[in-house]
> 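This is the structure I want to talk about, given as structure tokens.
Heavy atoms only: backbone and side chains are in, while hydrogens, waters and symmetry mates are out.
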Amino acid sequence: MSSTVQPRGTTKIALTAHSWLVYLFFFAPIFVLIVFSFSDDRNVGRWGGFTLEWYQDFVEHSQLQNAVWVSVRVALLSTVISVVLGTLAALALERFKFRGRKVFDALLYLPIIIPDVTMAVMMLLFFSEFFEILDSVFGWDVQKGLGSITISHIAFNISFVSVVVRARLAGMSQVLEEAALDLYATRWKTFRYVTFPQILPGVAGGALLALTLSLDDVVITQFAAGPGATTLPVFVFGLIRRGVTPLINATSVLMLAASVLLVALSLAFQQFSGRSGRPSLRAARQAVSAKPTTNTQIKEGISQ
């Protein structure tokens, strides 16, 4: 028996056509970009035959390769620090109550809400004033560069990591943690052997998301960058000002492929975290129901 909610007839055809038009609107430019990245004509809008010359130029372009390595170093370092700080922030907000908790929660969401250009101006003013203080007080002539870019990426990545980890913590039962504490485990052991394995998929998903955002950022990086520290997106943006060439097409395709791969891995980790929640809950119930009755059993439970 067919459902009365499901559209039929002309309505179904119109909705299907509308869906295909939306997909075409989103993915047609990407398809055109990929196709013309293999064109043998320097005119980006004209097909001149198939070639891999532009991808070879990307590999042999020293400035592009230097920008790639700057992007990778900044992304890896900012991701590691952001994951640690973002996970700690998520644990503090979900597991503890303290004065100023709501204010801290609101401030943590600011980098997600405010426009990129606003945050870029904020970081520019911060580094200008901070470096001036270091120069006047300690005599340190510090300039913007790799360090300032990394700090800027950490500033907005912490919020995204915290959101992903908090979503995992919110859907996780605390029964297993309480069972570990009942067995006289310390809070550190409870976190290490019980909490962290359960939130690990969420932490990994947040790390991949932070890595993707760091590799793709242009606006904030451009304001925080200094001489000799140019990331790949900023370098490509500079190339576009001089004219679009198929080399930019090839570079954009490679950046797109890396971003899609990281986002896909992040979604896979988040789906895995959702599926792995139920076995943890069953294990928690079994741990609570199997209460030790003697001191020997308690010691055995702690050692396990």
Side-chain angles (χ1 to χ4, degrees), residues 71 74-134 137 142 144-172 174 177 187-188 191 195-196 198-226 229 231 233-234 262-263 266-267 269-270 273:
S71 296
V74 170
L76 291 177
L77 184 57
S78 63
T79 298
V80 171
I81 299 176
S82 300
V83 165
V84 174
L85 297 179
T87 303
L88 293 176
L91 287 168
L93 291 171
E94 288 294 328
R95 289 292 186 265
F96 300 96
K97 294 183 179 179
F98 52 91
R99 184 177 298 177
R101 179 174 175 268
K102 292 184 179 180
V103 176
F104 178 65
D105 190 7
L107 292 175
L108 195 62
Y109 276 97
L110 276 180
I112 302 177
I113 299 173
I114 62 177
D116 287 347
V117 66
T118 303
M119 188 167 183
V121 174
M122 290 165 50
M123 299 306 298
L124 176 62
L125 292 176
F126 168 76
F127 288 123
S128 299
E129 295 296 329
F130 182 66
F131 291 160
E132 185 176 350
I133 292 174
L134 290 180
V137 176
V142 183
K144 291 186 299 180
L146 198 65
S148 59
I149 298 176
T150 304
I151 294 174
S152 300
H153 287 201
I154 293 171
F156 65 79
N157 275 337
I158 290 176
S159 301
F160 290 95
V161 173
S162 177
V163 168
V164 176
V165 177
R166 284 187 69 182
R168 174 60 179 161
L169 283 169
M172 188 181 74
Q174 300 185 38
E177 295 173 306
R187 288 194 175 272
W188 166 246
F191 172 77
T195 307
F196 184 70
Q198 293 186 80
I199 67 173
L200 183 58
V203 173
L208 290 171
L209 179 60
L211 189 65
T212 304
L213 294 172
S214 180
L215 289 173
D216 292 343
D217 184 74
V218 177
V219 179
I220 299 176
T221 304
Q222 193 171 18
F223 278 74
T231 61
V234 174
L262 292 174
V263 171
S266 177
L267 293 175
F269 272 112
Q270 293 181 39
S273 66

> Checking the side chain of S162 only, and the main-chain atoms of I158 only, is there a donor and an acceptor separated by less than 3.5 Å?
no

> Look at the side chain of K144 and the backbone N and O of F223, then say whether any donor-acceptor pair between them is shorter than 3.5 Å.
yes

> Would you say that L211 contacts L76 through its side chain, given a criterion of any heavy-atom pair below 4.5 Å between the two side chains?
yes

> Look at the side chain of T87 and the backbone N and O of V83, then say whether any donor-acceptor pair between them is shorter than 3.5 Å.
yes

> Can you tell me how far CG of L93 sits from CG of L88, rounded to the nearest 0.5 angstrom?
11.0 Å

> Any chance you could measure L209, atom CG, to S214, atom OG, to the nearest 0.5 Å?
11.0 Å

> In sequence, state the C-alpha distance, the side-chain angles, and the governing distance for T231 and V218, and then conclude on side chain to side chain contact (heavy atoms under 4.5 Å, CB included).
CA-CA 8 Å; T231 61; V218 177; over 6 Å; no

> Considering non-hydrogen atoms only, spot the tightest contact between A224 and I149 and give its length.
O-CG1, 3.8 Å

> Rounded to the nearest 0.5 Å, what's the gap from CG on L146 to CD1 on I151? Could you check?
10.0 Å

> Please name the pair of heavy atoms, one in A210 and one in V161, separated by the smallest distance, quoted to 0.1 Å.
CB-CG2, 3.9 Å

> Check this for me: R101, atom CZ, are more than 12 non-hydrogen atoms of other residues, nucleotides or ligands nearer than 6.0 Å?
yes

> What pairs with T195 under side-chain hydrogen bond (donor to acceptor under 3.5 Å, both in side chains), at least two apart in sequence or on another chain?
E177

> Grab the two heavy atoms, one from S71 and one from L215, that are nearest each other, plus how far apart they are.
O-CD2, 3.7 Å

> Spell out, as yes or no, whether a donor-acceptor pair under 3.5 Å connects the side chain of S148 to the backbone of G145.
yes

> Could you pull out every donor-acceptor pair under 3.5 Å between side chains of residues 104-133 and any protein atom, sequence neighbours left out?
| from | atom 1 | to | atom 2 | distance (Å) |
| --- | --- | --- | --- | --- |
| D105 | OD1 | R166 | NH1 | 2.8 |
| S128 | OG | L124 | O | 2.8 |

> How long is the straight-line distance from CG of L77 back to CD1 of I154, given to the nearest 0.5 Å?
6.0 Å

> Please name all residues satisfying side-chain hydrogen bond (donor to acceptor under 3.5 Å, both in side chains) with D217, sequence neighbours left out, ordered by chain then number.
T221

> In Å, rounded to the nearest 0.5 Å, how long is the span from CZ of F156 to CD1 of I220?
5.0 Å

